[in-house]
Amino acid sequence: MSKVETGITVNLPDGSKFSLDGGATVADLAKSIAEGLYRKAVGALINGELKDLYTALSDGDTVRILTAEDPSALELLRHSTAHVMAEAVQRLFPQAKIAIGPTITDGFYYDFEIPEHSLSLEDLSKIEEEMKRIVKENQRIVRHQIPNVDQQISDFRSAGEKFKVELLEEHKNESPTLYLMQDKDGKTVWNDLCRGPHLPATGVIKAFKLLKVSGAYWRGDEKREQLQRIYATAWWKATDLEEYLHKLEEAERRDHRKLSKQLDLFSVHDEVGPGLIFWHPNLATIRNVIEDFWRDTHRKSGYQFVFTPHIASEKLYEISGHLQSYGENMYSAMDIDGQPYRAKPMNCPGHIMIYKSRLRSYRDLPLRLAELGTVYRYERSGVLHGMLRVRGFTQDDSHIFCTPSQLEDEINGILDLVEFMMKTFGYTYKAYLATRPEKSLGTDEEWAMATGALEAALKSRGMEYEVDEGGGVFYAPKIDIKLYDAIGREWQGPTVQVDLNLPQRFDVTYIGEDGERHQAIMLHRVVLGSMERFCGGLIEHYAGVFPTWLAPVQAIVLPIADRHREYALTALAKLQARDVRATVDDKSETVNYRIREAQMQQVPYMLIVGDKEAADGSVSVRHRRDGDLGMVKLDDFVERIAAEIKERQ
RNA sequence: GCCGACGUAGCUCAGUGGUAGAGCAGCGGUUUCGUAAACCGCAGGUCGUGGGUUCAAAUCCCACUGUCGGCUCCA
């Protein structure tokens with residue numbers, strides 16, 4: 001390192017410094033540190049940003065060299081695998097035009113326009129084979145600064161790559177780059193307009209799989225070209241890929257629609273219409289337990305319960321503005337005595353009517369109105385999905401009317417309730433503070449006040465959160481809580497919004513201490529979201545194995561022979577006397593058969609009773625997961641299960 | 001709504017132009033049993049709906065409808 005004057009010094013992750021010649025790249029750095037490192041290096045984090053191996057370093061950069069198998073380099077891997085996939089597609093379908101191919105959670109996709117061909121599953125395996133060939137060819141992936149953008153645009157145009165033309169025209173002033181795929185002779189065999197970064201060569205790609213084809217629009221705009229999208233995943237190790245595919249299978253096993261058939265939970269019917277859920281007794285039982293829990297918790301938190309009509313004159317939704325801003329999701333009007341009425345899409349206007357039914361004093365506030373309110377919303381046919389996306393659903397809705405000085409405490413109260421309820425169901429969660437979007441109503445001061453109150457509440461309770469910049473709705477900043485289920489999947493959870501619109505539209509006011517009229521603050525919040533989505537999610541979260549307090553049948557008594565029937569009924573009566581949901585299965589089938597059936601129905605406790613038990617006033621307890629727990633006194637078992645239910649276990 | 005795939009008995013699925021099948025569930029009988037499937041029998045389908053091609057259609061074609069995977073949005 002003699003040329004220190006013209007050279008640069010970079011920082012390594014262990015805190016040491018390393019001097020290099022000016023213009024040195026990550027690859028040079030790796031080579032200088034160790035030949036072995038250089039061979040394994042695929043990219044780097046430079047000052048925390050993912051870059052490729054041939055990026056020139058600047059003085060003072062902090063560099064962490066990434067090797068294959070480094071999880072931080074997964075994005076490089078997936079992005080490059082996306083290019084390999086696009087190259088393979090164009091080899092097989094020369095008429096295919098490439099659009100974009102970003103990485104996503106756990107994988108990547110690439111969008112194509114392929115005239116006169118619809119990709120099939122067979123095509124996917126062919127494309128995979130072609131990709132393996134490209135990997136085997138170990139093509140070099142080379143970053144190439146476009147020297148003459150106009151020339152490149154015209155090249156893309158003559159190749160018919162209209163999407164690339166459009167993209168390049170947008171980015172022409174940002175020194176755009178191509179990534180070239182080169183064979184072993186250094187000849188460019190494929191290229192893509194891309195910001196990068198990428199792997200140095202295709203040879204390190206090993207474990208990938210194409211998962212599904214679907215439709216997508218160019219730039220997500222349904223007025224633009226319909227494209228074909230291939231979803232795929234890529235991992236450094238075959239075992240990681242297997243693990244991921246296994247996780248997908250596990251998700252499929254937990255699918256609430258599948259479990260619904262096994263456990264007899266819900267149905268939808270052609271004769272009735274899509275997106276309308278019929279709750280069968282088993283799931284209705286679960287829902288009732290949850291609703292009782294919900295009511296109990298809310299009562300203790302100072303909420304008052306209300307009911308509001310399912311249809312209302314259009315006038316209401318003109319005032320609320322829903323007709324103008326939400327009309328597309330509302331069902332068309334029905335004629336009642338010559339007046340147009342609508343099915344309610346939201347509960348808020350109804351709750352405001354109750355608030356406005358008389359003059360409110362600051363002494364009345366905060367007023368917390370809660371309702372399990374059923375609403376109907378038009379969802380396009382293609383988006384309906386089991387219980388998770390439906391056209392009629394019941395929200396655990398509440399609107400809190402308060403003064404500005406009460407706002408922060410109210411938000412905190414909601415978050416208390418949210419945390420308690422989510423912990424009860426065993427979800428972990430994370431909070432997001434969604435701030436003012438570009439298109440929005442209200443003044444800067446109002447947004448600052450409302451957003452500030454949300455943030456202050458989060459801070460005061462030490463709740464971790466991320467800011468979702470511009471993620472608020474047009475009339476409100478909000479706190480979104482994302483839930484993580486038993487297999488780590490993310491679900492939309494509770495939300496809290498500070499409404500800056502409806503109090504004005506409806507003139508929601510109270511008389512203050514000063515005897516003057518003031519505009520009330522209005523909070524919207526849901527904890528469970530909708531009963532449909534929440535219960536659907538819960539089925540998947542528990543994989544159908546509901547904890548005892550929720551299980552439709554909590555204990556099933558199995559008499560061994562007909563002569564034990566009477567004792568079984570005694571046991572049943574004792575269980576039912578303590579509100580345990582119990583049944584007796586005295587079908588003329590073997591004990592084994594009845595155990596198997598109860599086991600498959602995920603009944604928490606099976607109580608086997610024969611001569612010994614009848615003589616002793618006992619039951620032999622089998623737990624669905626822990627198996628045979630031996631004989632216990634019936635009374636002791638009843639106490640035990642009652643306690644378990646009370647503790648919501 | 002758009003792109004693609006699919007729709008056979010309550011459920012899971014076989015059947016690709018020549019008389020609709022299996023297992024489980026259901027029903028009837030026998031069995032009275034000790035911790036995940038006793039045995040025998042019976043019944044069950046206008047092959048999503050409508051139209052077309054053909055001597056003949058679950059099978060090929062068209063339309064509709066629903067479901068599934070996505071796109072957009074969201075509880």
We want to know whether [X] and [Y] form a side-chain donor-acceptor pair, criterion being a heavy-atom distance below 3.5 angstrom.
X: A/Ser398; Y: A/Glu371; result: no
X: A/Gln395; Y: A/Ser530; result: no
X: A/His564; Y: A/Asp586; result: no
X: A/Tyr475; Y: A/Gln497; result: yes
X: A/Gln226; Y: A/Trp218; result: no
X: A/Glu469; Y: A/Thr435; result: yes
X: A/Lys344; Y: A/Thr308; result: yes

How far, in whole Å, is [M] from [N] if one measures between their [atom1] atoms?
N: B/rG23; M: B/rA37; atom1: C1'; result: 12 Å
N: B/rA57; M: B/rU53; atom1: P; result: 11 Å
N: B/rU16; M: B/rC11; atom1: P; result: 23 Å
N: B/rG45; M: B/rG15; atom1: C1'; result: 14 Å
N: B/rG7; M: B/rG48; atom1: C1'; result: 6 Å
N: B/rC47; M: B/rA20; atom1: C1'; result: 8 Å
N: B/rG1; M: B/rU8; atom1: C1'; result: 30 Å

message = Quick check on contacts: within residues 250-284 of chain A, what sits under 4.0 Å from RNA chain B by heavy-atom distance?
response =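 Output list: A/Arg257, A/Lys261, A/Asp270, A/Pro274.
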If the cut-off is 4.0 Å, is [X] near the phosphate of [N], judged by side-chain N/O to OP1 or OP2?
X: A/Tyr109; N: B/rC71; answer: no
X: A/Arg219; N: B/rU72; answer: no
X: A/Ser381; N: B/rG1; answer: yes
X: A/Lys212; N: B/rG69; answer: no
X: A/Ser118; N: B/rG4; answer: yes
X: A/Arg622; N: B/rA36; answer: yes

message = Going by centres under 5.5 angstrom and planes under 30 degrees, do the aromatic ring of A/Phe534 and the base ring of B/rA75 stack?
response =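 Whether judged by distance or by angle, A/Phe534 falls short somewhere, so it does not stack on the base of B/rA75.
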ask   = Distance-only, no hydrogens or angles: does the A/Gln601 side chain make a donor-acceptor pair with backbone N or O of A/Gln262 under 3.5 Å?
value =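 Yes: the side chain of A/Gln601 pairs with the backbone of A/Gln262.
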query = Hey, is the main chain of A/Thr394 close enough, under 3.5 Å, to the side chain of A/Glu532 for a donor-acceptor pair?
reply =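 Yes; judged by distance alone, with no hydrogens or angles, the pair exists.
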Closest to the [X] side chain: [options]?
X: A/Gln226; options: B/rU72, B/rG70, B/rA75; value: B/rG70
X: A/Ser620; options: B/rC33, B/rG1, B/rU35; value: B/rU35
X: A/Thr590; options: B/rG34, B/rA75, B/rC33; value: B/rC33
X: A/Ser214; options: B/rC74, B/rC2, B/rG69; value: B/rG69
X: A/Asp562; options: B/rU35, B/rC74, B/rU32; value: B/rU32

Which is true for [X] with a 4.0 Å heavy-atom rule: it touches a base, it touches only sugar-phosphate, or it touches nothing?
X: A/Arg229; result: sugar-phosphate
X: A/Val375; result: nothing
X: A/Gly382; result: base
X: A/Val591; result: sugar-phosphate
X: A/Glu222; result: nothing
X: A/Asp611; result: base
X: A/Gly215; result: base

Grab the [atom1]-[atom2] distance between [X] and [N] for me, whole Å please.
X: A/Leu227; N: B/rG69; atom1: CG; atom2: P; result: 21 Å
X: A/His385; N: B/rG69; atom1: NE2; atom2: P; result: 5 Å
X: A/Asn592; N: B/rC39; atom1: CG; atom2: C1'; result: 15 Å
X: A/Leu558; N: B/rC33; atom1: CG; atom2: C1'; result: 12 Å
X: A/Arg389; N: B/rC73; atom1: CZ; atom2: P; result: 10 Å
X: A/Glu225; N: B/rC71; atom1: CD; atom2: P; result: 18 Å
X: A/Met330; N: B/rA75; atom1: CE; atom2: P; result: 16 Å
X: A/Arg596; N: B/rU35; atom1: CZ; atom2: C1'; result: 14 Å

message = Angle between ring planes, A/Phe546 versus A/Tyr542, binned at 30° and 60°: parallel, tilted or perpendicular?
response =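 Answer is perpendicular, since the angle exceeds 60°.
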ask   = If we call it a pair only when both distances are under 3.5 Å in a Watson-Crick or G-U wobble match, what pairs with B/rU67?
value =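 The base-pairing partner of B/rU67, which may sit in any strand shown, is B/rA5.
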task = Spell out protein contact along nucleotides 23-28 of chain B as letters: B when the base is contacted, S when just the sugar-phosphate is, - when no protein heavy atom is under 4.0 Å; keep the 5' to 3' order.
result = --S---
query = Any salt bridge between A/Asp255 and A/Arg257, counting N to O under 4.0 Å?
reply =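 Salt bridge between A/Asp255 and A/Arg257, a charged N being under 4.0 Å from a carboxylate O: yes.
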ask   = When you look at NE2 of A/His269, are more than 12 heavy atoms from neighbouring residues, nucleotides or ligands closer to it than 6.0 Å?
value =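 Atom NE2 in A/His269 is packed in, count exceeds 12.
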